[in-house]
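The next block holds one structure in the form of C-alpha cells; read it before the comments.
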Number of protein chains: 2
Amino acid sequence: MLRGAALRVTRPRVAVLSAVHAHPHADTESIIGAVRRELPRVSHQAVYDVLRALTAASLVRRIEPSGSVARYESRVGDNHHHVICRSCGLLADVDCAAGAAPCLTASDGQGFSIDEAEVIYWGLCPDCSTA
Amino acid sequence: MLRGAALRVTRPRVAVLSAVHAHPHADTESIIGAVRRELPRVSHQAVYDVLRALTAASLVRRIEPSGSVARYESRVGDNHHHVICRSCGLLADVDCAAGAAPCLTASDGQGFSIDEAEVIYWGLCPDCSTA
DNA sequence: CCATAAACTTGACTCATTCCAGAAAAGCGG
DNA sequence: CCGCTTTTCTGGAATGAGTCAAGTTTATGG
C-alpha cells in the first residue's frame, strides 16, 4: 500500500498503518500506544508525521468531530459517513443514504466547486438511548 | 432573546450576542475583539462562558470545522449547512439540499436515535477556484 | 555498495480552551 | 427601593493536542 502511494516503506509507517487498520476510529494517542507495543522507540512526532503523510496520500482518513480529538480510519474512498453518540462519544460508520455520492449536490453551492460532502449524524447510541 | 431563554441579562451577554449577530461565523478571538470595542473590560473567560451558555440555550450555534478554531453563528433551528474553502478557509451558509430536514434519515442508523445531521461541503470558493 | 533525499528523534514551544477561587453584580421577595 | 441569594465575572495559572526546528538516521535509485 505504501509503495503504491509512492511513500517510503519505513517501520514506523508500517506500524502506524497496521494500527489504524486494527483500531478503526482510534485517536492519535491510542495509535501511538498501539505502535509502541511493536516499536517502543517511536516518537510521538513520528506518528503525527506519518499520519499526516498517510492522510495526504489518502491511505487513511482523518475525522475530527466537534469536541473530540482527531481520529483516523482506514475506510477511504467509499463515501461513507458517521454517527456519533452525544452521551458516550461512540462513533460508528454509516453508509451514504442515497447511493454513491449524492451529498455532493448542494441546492445552492454559492459558486463553490465542491469536491466532498462530510456528514455527521448526532444522536444517542442504543445503550445510552435505553438508559 | 436572553429572557426568553431564561438567562440573566448582563452587559457581556448582550454584547456577545450582538457580536455574533453582527459577525456571522466569527471565531472566539474576533468575538472578544468585537465585544471589547463596546466593553473594553470583559475578560476572555467571560466570553467563553457566555458563548457556552448561549450555545446551550440554542441562541447561537457553534461550528468547529476540521483544522479550524470554533466559530459561532446566529442562524439556529433552520437546518442549514456550510461550505468551506479548502484553500482560504472561507465559510458560507448553504440551505439544506432537499427541504426541511432530509439529512436526518440515514439509510442505516446502527440503532442510534439520531436528532441532527451536520453537513459540511468542502471545495474551493469562487476566488480560489479561478486562481 | 554509495550518495542523497526523505524520514525520524528529541525537546522545546504554541495557542485555543479550561480550571480555579475570590470579587462583583443581577434578580427576587419584601 | 433594600438586602439576600445565586449566578456571573475577573485574572491568572494550567492543560493538552498538535507543531517547529536542528541534527541524526535510514531507505532507495544508480
Side-chain angles (χ1 to χ4, degrees), chain A residues 1-20 23 25-36 38-57 59-72 89 91, chain B residues 1-20 23 25-57 59-73 89 91:
Chain A
M1 292 180 70
L2 290 167
R3 288 216 172 77
L7 290 176
R8 290 195 180 175
V9 181
T10 67
R11 288 170 168 284
R13 284 182 171 178
V14 173
V16 169
L17 198 47
S18 315
V20 174
H23 307 89
H25 308 144
D27 59 33
T28 312
E29 198 66 27
S30 312
I31 294 172
I32 293 176
V35 167
R36 285 193 176 148
E38 276 185 67
L39 298 167
R41 308 183 52 76
V42 280
S43 61
H44 76 148
Q45 182 61 50
V47 176
Y48 274 100
D49 285 353
V50 169
L51 285 171
R52 178 147 12 127
L54 295 180
T55 304
L59 290 183
V60 305
R61 181 172 160 198
R62 176 191 179 114
I63 43 189
E64 217 178 307
S66 304
S68 163
V69 299
R71 297 162 175 231
Y72 295 87
L91 194 160
Chain B
M1 292 181 71
L2 290 167
R3 289 216 173 79
L7 290 176
R8 291 194 180 173
V9 181
T10 67
R11 286 171 167 282
R13 285 184 168 177
V14 173
V16 169
L17 198 47
S18 314
V20 174
H23 308 88
H25 308 143
D27 59 32
T28 312
E29 198 66 27
S30 311
I31 293 173
I32 293 176
V35 167
R36 285 192 176 150
R37 243 168 274 137
E38 275 185 68
L39 297 168
R41 308 183 52 77
V42 280
S43 63
H44 75 148
Q45 182 60 52
V47 176
Y48 275 98
D49 285 353
V50 168
L51 285 171
R52 180 153 5 134
L54 295 181
T55 304
L59 290 183
V60 305
R61 181 171 160 198
R62 177 192 178 113
I63 41 189
E64 224 176 293
S66 304
S68 164
V69 298
R71 297 162 175 230
Y72 294 87
E73 67 181 357
L91 194 160

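Throughout, protein chains are lettered first and strands after them, A, B, ... in sequence-line order, and every chain is numbered starting at 1.
- Within the nucleic acid shown, T10(B) comes within 4.0 Å of sugar-phosphate atoms alone, with no base atom in reach, counting heavy atoms only.
- Nearest nucleotide to the side chain of R62(B), out of dA17(D), dT17(C), dT10(D): dT17(C).
- Atom CZ in R36(A) sits roughly 12 Å away from atom C1' in dT10(C) (whole-Å rounding).
- Look at NE2 on H44(B): it is 9 Å from C1' on dT10(D), rounded to the nearest Å.
- Across all strands shown, R11(A) has no heavy atoms under 4.0 Å from either base or sugar-phosphate atoms.
- Ion pair R62(B)/E64(B) flagged as a salt bridge, since at least one NZ, NE, NH1 or NH2 atom sits closer than 4.0 Å to an Asp/Glu carboxylate oxygen.
- Here the side chain of Y48(A) is nearest to one of dT10(C), dA6(C), dA17(D), namely dA17(D).
- For the pair A46(A) and R52(B), both in contact range of DNA chain C, the more 5′-proximal nearest nucleotide belongs to A46(A).
- R13(A) has its CZ atom 5 Å from the P atom of dC8(C), to the nearest Å.
- With T55(A) contributing its side chain and L51(A) its backbone, the two residues share a donor-acceptor pair below 3.5 Å.
- Across dT19(D), dC8(C), dG27(C), the shortest atom-to-atom separation from the side chain of P12(A) is found for dC8(C).
- In this structure, Q45(A) places its CD atom 15 Å from P of dT14(C), rounding to the nearest Å.
- Residue A70(A) is classed as a sugar-phosphate contact, given heavy-atom separations below 4.0 Å to backbone atoms only.
- Comparing dA16(C), dG27(C), dT28(D) by their closest approach to the side chain of V69(B) singles out dA16(C).
- Between T28(B) and Y72(B) the shortest heavy-atom distance is OG1-CE1, 3.7 Å.
- If you take CZ of R3(A) and C1' of dG29(D), they are 13 Å apart, rounded to a whole angstrom.
- For D49(A) and dT25(D), the CG to P distance is 18 Å, given to the nearest whole Å.
- In this structure, I31(A) atom CD1 and dA17(D) atom P are separated by 13 Å, rounded to whole Å.
- Side-chain atoms of V42(A) and I32(A), non-hydrogen and from C-beta on, never get closer than 4.5 Å to each other.
- The side chain of R41(B) places no N or O atom within less than 4.0 Å of a non-bridging phosphate oxygen (OP1 or OP2) of dT10(D).
- Using modelled atom types, one side-chain atom of R13(A) and one backbone atom of R8(A) make a donor-acceptor pair closer than 3.5 Å.
- With rounding to whole Å, R8(B) atom CZ is found 10 Å from dA26(C) atom P.
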